[in-house]
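Values in this document were obtained by computation on a predicted structure and should not be read as measured data. Position 1 is the first residue of the sequence, and the numbers go up from there.
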Amino acid sequence: PQAAVGKRMQRQFATSLLLGEVSKPEGGTVVTFGNALARFAELGHVSIARPQGTRERVVQRGPTFDRLPDLIQRLRI
């Protein structure tokens, strides 16, 4: 579920903050992670869908998921 993905992102961000991999604690908000997921969906790295008969949205790998490491590398520079 999308909510679980958001919580996992927040935990990872908190860990990265402690390790000094990130330096801006205000970047770890629900809104920031929601915007990131939406952008990843626009780029095709993930797909977000609500299965029929359910309330929660599900995040799955998208058609360009295999190009996600390239994006991560570009963001680190």
Side-chain angles (χ1 to χ4, degrees):
Q2 186 175 358
V5 172
K7 286 182 183 184
R8 187 172 175 194
M9 291 170 78
Q10 285 181 303
R11 279 194 310 267
Q12 180 59 47
F13 186 86
T15 301
S16 294
L17 192 59
L18 290 172
L19 294 173
E21 296 172 342
V22 295
S23 59
K24 307 259 184 195
E26 61 272 16
T29 67
V30 174
V31 173
T32 301
F33 296 134
N35 290 342
L37 276 177
R39 182 64 178 144
F40 289 153
E42 288 173 10
L43 295 172
H45 298 308
V46 299
S47 66
I48 302 171
R50 182 172 296 159
Q52 213 169 13
T54 64
R55 301 176 97 187
E56 292 193 37
R57 291 187 250 176
V58 176
V59 179
Q60 297 177 325
R61 293 179 179 195
T64 62
F65 182 81
D66 59 330
R67 295 195 334 231
L68 189 55
D70 297 333
L71 174 64
I72 293 168
Q73 186 61 32
R74 283 197 328 252
L75 292 174
R76 286 188 175 159
I77 295 176

Self-check item: Atom of Glu26, atom of Thr32 and distance for their closest heavy-atom approach
Solution: O-OG1, 4.4 Å
Exercise. Pick out which of Val59, Thr64, Val46, Ile48 makes a side chain to side chain contact (heavy atoms under 4.5 Å, CB included) with Phe40.
Key: Val46
Quiz item: Around Arg50, counting heavy atoms of other residues, nucleotides and ligands shown, do more than 12 lie under 6.0 Å from its CZ?
Solution: yes
Quiz item: If you look at every heavy atom in Glu56 and Pro1, which pair is closest and at what distance?
Solution: OE1-CB, 2.8 Å
Practice problem: Would you kindly confirm whether Phe65 and Ile72 end up in one hydrophobic cluster when ILVMFWY residues are joined by side chain heavy atoms under 4.5 Å apart? | Solution: yes
Quiz item: Does atom CD of Gln52 have more than 12 heavy-atom neighbours from other groups under 6.0 Å away?
Solution: no
Exercise. Quick one: closest heavy-atom pair of Leu43 and Leu71, and the distance?
Key: CD1-CD2, 4.2 Å
Exercise. Determine, using the 4.5 Å side-chain heavy-atom cutoff (strictly less than), whether Val22 and Leu18 are members of one ILVMFWY cluster.
Key: no
Practice problem: Determine the minimum heavy-atom distance between Ala36 and Met9, stating which atoms define it. | Solution: CB-CE, 4.4 Å
Quiz item: Looking at Leu17 and Pro25, what are the two nearest heavy atoms and their distance?
Solution: CD2-CB, 3.9 Å
Practice problem: Grab the two heavy atoms, one from Lys24 and one from Phe13, that are nearest each other, plus how far apart they are. | Solution: O-CZ, 3.3 Å
